[in-house]
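Below you'll find the structure, written out as structure tokens, and then a few comments.
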Amino acid sequence: MKHMFAKFHEKSMEDRKAAVFSFSQLNEEAKSLYCNAEYDQLSDQLVENAIGVMEIPLGVAVNFVVNQVERVIPMATEESSVIAAASHGAKLARPLGGFHAQVDGSYMFSQIHIIHLQDPYAAKVRILHHRDELIQLANQEDPILKQLGGGAYDITVRALEDPSSLVVHLHVDTLDAMGANAANTMAEKIAPRIEDITNGEARMKIISNLADRRIARAYCEVQQEQLGGADVVDRIVQACDIAKRDPYRAATHNKGIMNGITPIVLATGNDTRAVESGAHAYASKNQHYSPLTKWEKNSRGNLVGSIEVPIAVGTIGGATAIHPKAKSNLELMQINSAKELSEVIASVGLAQNLTALKALATEGIQKGHMKLHAKNIALMAGAKGDEIARIATLLLKDKKYRVDVAKHHLKTLRGEKAYE
Ligand code: MEV
């Protein structure tokens with residue numbers, strides 16, 4: 001049966017919009033939200049079936065010093081308190097030098113799963129016997145990467161619990177690219193040769209997002225006076241211990257870290273889902289879901305925080321190369337390599353976590369969060385222009401952060417009767 005969305009992807013953007021509008025019977029006001037000529041062409045290039053853009057606010061976190069370099073950090077996020085929290089964490093770390101960060105390198109790996117093996121352990125040895133040949137074969141797929149000093153450089157083989165299968169890891173230095181395309185293409189290239197060598201059947205040929213050879217690390221020291229005293233230091237250390245023991249808390253702890261990480265990944269045109277799955281898989285690597293940061297008290301009584309997280313991002317290729325704002329966001333940060341970008345991202349994750357734990361260890365999270373969220377509540381209630389700030393002030397005064405309360409204030413403000 002032919003339906004109205006047949007060959008949808010072949011239609012022009014205008015025709016696609018018309019088809020969707022008529023299907024969904026949107027009103028004129030709603031339709032106008034999809035008119036953004038400036039970005040139509042870009043979205044059409046980036047995704048299939050494009051009908052426009054989804055605008056997410058872009059802000060900058062400040063106060064960041066990473067490896068002695070001052071950085072302005074572009075963050076694309078819809079959550080009101082995130083950018084303020086990142087900036088606050090950076091301010092706390094600044095007096096003792098900010099963040100010190102380091103990365104392993106841009107080492108991705110793709111996996112080739114081989115099944116139906118009679119002799120998996122012998123097959124493993126046979127694969128490793130052909131290691132150099134397989135690496136050379138893989139590198140034929142991306143001679144430029146090789147010329148630039150990257151490319152495939154190692155092969156490792158893991159036996160799985162199933163006694164008739166193996167998984168081959170092809171390790172690739174992707175330099176300044178995130179590298180999924182290069183690593184996937186290489187895996188597909190060498191899979192048939194691995195089938196010959198093993199007499200098995202190659203199934204999945206794809207990167208692993210548990211990029212545990214691409215770990216970014218950062219640490220910072222915060223004076224106890226900055227936090228409000230020794231008691232707060234102890235409480236933050238305890239908060240981290242709780243997260244180590246309780247995976248339910250660890251999930252929220254890590255969500256807070258990702259509040260810092262995802263917005264930069266998005267603002268630089270990188271793959272947020274790749275970084276997120278990598279982070280959560282890494283958090284579970286010891287069979288127990290754990291916090292990605294550690295907080296300790298040092299001999300000076302100061303708080304010391306550290307983070308270890310896989311950060312698979314690039315500064316070339318993918319949307320980073322096509323999206324003009326992704327490019328300019330990298331320029332704004334004065335980032336020149338994937339390595340520098342990963343160091344900054346890990347530092348922001350740590351700063352974000354610091355602010356969250358400080359709030360949770362003291363006054364609670366809602367006070368600061370709601371201060372920023374009150375304007376959103378005013379907007380939800382229909383406030384416009386200078387009404388937004390006035391309604392937000394009233395909500396904060398009464399500590400009642402509810403849309404119905406905001407609507408009530410708005411009616412009063414507009415001189416309407418509060419109850420009809
Ligand atoms: C909210 O978006 C993030 C926090 O819940 C993180 C945390 O609890 O550590 C505040």
Side-chain angles (χ1 to χ4, degrees), residues 56-61 63 73-93 99 218-220 222 226-228 231-267 272-273 275-280 282-284 288-297 303-309 345-377 379-380 396 399 401-402:
I56 297 286
L58 176 72
V60 286
N63 305 324
I73 320 280
M75 298 178 82
T77 177
E78 87 305 337
E79 191 170 331
S80 3
S81 50
V82 159
I83 299 171
S87 305
H88 182 67
K91 193 170 163 194
L92 293 172
F99 300 89
Y219 80 90
C220 67
V222 186
Q226 294 283 323
L227 295 162
D231 185 44
V232 182
V233 173
D234 290 337
R235 282 164 170 263
I236 292 176
V237 172
Q238 277 161 7
C240 187
D241 286 343
I242 291 170
K244 278 184 210 159
R245 286 192 296 272
D246 177 8
Y248 288 90
R249 171 58 206 153
T252 319
H253 179 109
N254 288 344
K255 188 272 182 183
I257 295 170
M258 299 316 285
N259 273 350
I261 291 181
T262 303
I264 317 174
V265 177
L266 185 60
T272 53
R273 289 83 54 216
V275 174
E276 280 163 1
S277 72
H280 294 294
Y282 191 69
S284 321
H288 176 82
Y289 187 85
S290 306
L292 292 162
T293 54
K294 304 278 179 292
W295 292 97
E296 302 159 305
K297 181 155 90 170
L303 182 70
V304 200
S306 54
I307 184 167
E308 266 197 25
V309 58
I345 292 175
S347 303
V348 178
L350 186 60
Q352 198 80 36
N353 183 231
L354 170 60
T355 304
L357 294 189
K358 179 182 165 231
L360 289 166
T362 55
E363 63 186 16
I365 209 80
Q366 285 307 80
K367 192 170 166 209
H369 181 72
M370 282 306 175
K371 215 163 139 188
L372 293 156
H373 191 55
K375 283 190 184 163
N376 292 353
I377 298 171
L379 272 169
M380 283 184 239
L396 287 167
K399 296 197 176 58
Y401 310 107
R402 297 200 325 250

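Values below: all heavy atoms of this structure, side chains included; hydrogens, waters and symmetry mates excluded. Computed from a predicted model, the values in this text were never measured in an experiment. Just so you know, ligand 1 is whichever comes first in the structure, and atom 1 is the first atom listed for that ligand.
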Any N or O on H253 sitting closer than 3.5 Å to an N or O of ligand 1?
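It does not: no N or O of H253 is found under 3.5 Å from an N or O of ligand 1.
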Do H253 and L357 have side-chain heavy atoms sitting under 4.5 Å apart?
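Result yes, sub-4.5 Å side-chain heavy-atom pair found.
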Residue part near ligand 1, for N353, under 4.0 Å between non-hydrogen atoms
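For N353, no heavy atom sits under 4.0 Å from ligand 1.
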Heavy-atom contacts under 4.0 Å between Q352 and ligand 1: side chain, backbone, both, or neither?
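Near ligand 1, Q352 shows nothing, with every heavy atom at 4.0 Å or more.
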Report, in ascending order of atom number, the atoms of ligand 1 lying under 4.0 Å from any heavy atom of [X].
X    : answer
K255 : 1 (C), 2 (O)
I365 : 10 (C)
L360 : 7 (C), 8 (O), 9 (O)
E79  : 1 (C), 2 (O)

Got a sec: does the NZ of K371 have more than 12 other heavy atoms crowding it under 6.0 Å?
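No, because the 6.0 Å sphere around NZ of K371 holds 12 heavy atoms or fewer from other groups.
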Over 12 non-hydrogen atoms of neighbours within 6.0 angstrom of NZ in K367:
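12 or below, so no.
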Among protein heavy atoms, which lies nearest [atom], and at what distance?
atom                   : value
atom 8 (O) of ligand 1 : R249 NH1, 2.9 Å
atom 5 (O) of ligand 1 : T252 CG2, 3.5 Å
atom 3 (C) of ligand 1 : N259 ND2, 3.4 Å

Do you know which of L58, I83, T262 makes side chain to side chain contact (heavy atoms under 4.5 Å, CB included) with T77?
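When L58, I83, T262 are each tested with T77, the side chain to side chain contact (heavy atoms under 4.5 Å, CB included) holds only for I83.
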Backbone of I257 reached by a side-chain donor or acceptor of N353 within 3.5 Å:
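Between the backbone of I257 and the side chain of N353 there is no qualifying donor-acceptor contact (under 3.5 Å).
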Between D231 and R235, does the salt bridge (Lys or Arg N to Asp or Glu O under 4.0 Å) criterion hold? Intermediate values first, please.
CA-CA 6 Å; D231 185 44; R235 282 164 170 263; 3.2 Å; yes
Please find the pair of heavy atoms, one from V222 and one from L92, that lie closest to each other, and give the distance.
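Looks like CG1-O, 3.5 Å.
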